[in-house]
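Input: a single structure, listed below in structure tokens.
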Amino acid sequence: MNILPQAFYNRPTLQVAQDLLGCFLVRKYPFPYEGEGRVRLEKFKIVETEAYNGPNDRASHASRGRTKRNEVMFGSSGIIYVYFTYGMHYMLNIVTGPKDFPAAVLIRAVEPMKSPLDKGGLGDFQSNGPAKLTKALRIDKSFNGLPIYIKKHGLWIEGRDWKLPKSQIVKAKRIGVDYAGIYKDKLWRFYIKASKFVSKKNRAI
DNA sequence: CAAGAGATCATCT
DNA sequence: GATGATCTCTTGA
């Protein structure tokens, strides 16, 4: 298991967002239904990401300065940023770049590695959208501020040992950021061309 | 298929 | 007091 180290995230956001495609988001959590003390280990391939890149990016929470909500974006890289929105949804981000440069990668869609036939597993849930995947993986605000580069908190990312050809990476406009001026047209959303698990609004380029 | 509305509330102004 | 890094359902062409 090659867990991605903190240094992986301490690079330009646009680079990290693309390099995360094809890597594996892993979730480990107690699953008492299988017996006392049992845990489940679920693995998902990351197939879609978005970059939120610095203080000038008007689509980013960080564009209006530091607040209580977005302060982890200003911290060191490899830290989980989870926020709550639309009164019901959690969004999973990983902070990137150096300290005091507010940037993060939003994980928008993952592909379950588990058999859909495995009833009771996370594979039974839809994970092709940023809110759907946090629901499927049981990720909420309690993860906000925790490091993703250690296994301790039951959520980490493992690298891939194969190369993802550049031709397989699609660059597209980010979703739901029409208010962001010229930044709404930045091609800062990335997804794996061949994946059937990309979020639904994947066609706009 | 596309467009619009409703859900629902923490966070920000 | 307004809004949103979303999703699902309904309506209508």
Side-chain angles (χ1 to χ4, degrees), chain A residues 9 12-21 23 25 44 46-75 77-97 101-112 122-146 148 155 157 169-192 195-205:
Chain A
Y9 304 99
T13 309
L14 298 179
Q15 192 63 54
V16 175
Q18 291 173 80
D19 289 349
L20 279 174
L21 295 176
C23 293
L25 183 64
F44 300 82
I46 297 171
V47 297
E48 182 179 4
T49 60
E50 271 178 10
Y52 288 85
N53 192 12
N56 299 323
D57 179 2
R58 281 189 48 205
S60 171
H61 291 161
S63 68
R64 280 172 299 231
R66 198 171 188 139
T67 68
K68 190 169 183 184
R69 176 177 65 169
N70 67 24
E71 64 178 305
V72 314
M73 288 187 79
F74 290 79
S77 60
I79 300 300
I80 298 166
Y81 172 44
V82 174
Y83 67 90
F84 184 69
T85 191
Y86 292 110
M88 62 189 87
H89 298 309
Y90 295 103
M91 301 287 136
L92 173 65
N93 303 257
I94 316 297
V95 176
T96 60
F101 182 79
V105 173
L106 170 69
I107 312 292
R108 282 193 63 87
V110 297
E111 177 176 332
L122 294 177
D124 288 345
F125 292 84
Q126 295 274 48
S127 58
N128 59 333
K132 288 192 275 188
L133 80 87
T134 54
K135 189 176 177 192
L137 305 210
R138 306 178 187 192
I139 293 167
D140 61 20
K141 261 193 75 174
S142 67
F143 286 91
N144 191 48
L146 301 178
I148 192 90
L155 184 66
I157 297 177
I169 300 177
V170 180
K171 300 179 163 95
K173 291 181 187 178
R174 292 174 294 179
I175 301 294
V177 296
D178 288 345
Y179 54 82
I182 62 166
Y183 284 89
K184 80 176 164 60
D185 294 322
K186 298 285 185 188
L187 302 181
W188 288 353
R189 181 162 63 99
F190 308 98
Y191 61 89
I192 298 180
S195 176
K196 295 182 176 67
F197 288 82
V198 172
S199 71
K200 288 205 174 139
K201 299 178 180 175
N202 65 347
R203 288 164 238 299
I205 297 183

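From a predicted model like this one, the values you see are computed outputs, not experimental measurements. Quick note on labels: first sequence line is chain A, next is B, and so on, each numbered from 1. What you see below is based on every heavy atom in this structure, not just the backbone, and it leaves out hydrogens, waters and symmetry mates.
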Are OP1 or OP2 of [N] and a side-chain N or O of [X] less than 4.0 angstrom apart?
X        : N      : value
A:Thr85  : C:dT6  : no
A:Lys68  : B:dA10 : no
A:Arg108 : C:dT6  : yes
A:Tyr179 : C:dA5  : yes
A:Lys186 : C:dA5  : no

Determine the contact category for A:Met91: base if any of its heavy atoms lies under 4.0 Å from a base atom, sugar-phosphate if only primed atoms, P, OP1 or OP2 are that close, otherwise nothing.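 Counting heavy atoms under 4.0 Å across all strands, the contact made by A:Met91 is with sugar-phosphate only.
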With sugar-phosphate meaning primed atoms plus P, OP1 and OP2, does A:Ala59 contact a base, only sugar-phosphate, or nothing at under 4.0 Å between heavy atoms?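 The answer is base, as A:Ala59 lies within the cut-off (heavy atoms under 4.0 Å) of a base atom.
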Once you round it to whole Å, what is the distance between [atom2] of [N] and [atom1] of [X]?
X        : N      : atom1 : atom2 : value
A:Tyr83  : B:dT8  : OH    : P     : 20 Å
A:His89  : B:dC9  : NE2   : P     : 12 Å
A:Arg189 : C:dT6  : CZ    : C1'   : 13 Å
A:Lys132 : C:dT6  : NZ    : C1'   : 10 Å
A:Asp140 : B:dA10 : CG    : C1'   : 14 Å
A:Glu50  : C:dT6  : CD    : P     : 7 Å
A:Arg174 : C:dT6  : CZ    : P     : 11 Å
A:Tyr90  : B:dA10 : OH    : C1'   : 10 Å

May I ask you to decide if the ring planes of A:Tyr81 and A:Tyr83 are parallel, tilted or perpendicular, using 30° and 60° as cut-offs?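 Rings of A:Tyr81 and A:Tyr83: tilted, as their planes differ by 30° to 60°.
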May I ask you to check whether over 12 heavy atoms, not counting those of A:Arg64, lie within 6.0 Å of atom CZ?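 Result for CZ/A:Arg64: open.
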Both distances below 3.5 Å, Watson-Crick or wobble geometry, any strand: find the nucleotide opposite [N].
N      : value
C:dA5  : none
B:dC1  : C:dG12
B:dT13 : none

Of the candidate nucleotides [options], which contains the atom at the shortest distance from the side chain of [X]?
X        : options               : answer
A:Phe84  : C:dT6, C:dA5, B:dA10  : B:dA10
A:Lys141 : B:dA10, B:dC12, B:dT8 : B:dA10
A:Met73  : C:dA5, C:dC7, B:dT8   : C:dA5
A:Val177 : C:dC7, B:dT8, C:dA5   : C:dA5

Give a yes/no verdict on base stacking between B:dA7 and A:Tyr86: centres under 5.5 Å, planes within less than 30° of parallel.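 No, A:Tyr86 does not stack on the base of B:dA7.
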Once rounded to the nearest 0.5 Å, what's the spacing between atom CZ of A:Arg174 and atom CZ of A:Arg189?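 Reported value, rounded in 0.5 Å steps: 11.0 Å.
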Once rounded to the nearest 0.5 Å, what's the spacing between atom CG of A:Leu21 and atom OG1 of A:Thr49?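 Going from CG on A:Leu21 over to OG1 on A:Thr49, the span is 4.5 Å.
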For A:Val82, run the side-chain contact (heavy atoms from CB on, under 4.5 Å) check against A:Leu146, A:Ile139, A:Asp140 and tell me which one passes.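 Among the candidates, only A:Ile139 passes.
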Whether A:Glu50 and A:Arg108 form a salt bridge (side-chain N of Lys/Arg under 4.0 Å from carboxylate O of Asp/Glu) is what I want to check.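 A salt bridge is present here (some side-chain N lies under 4.0 Å from a carboxylate O).
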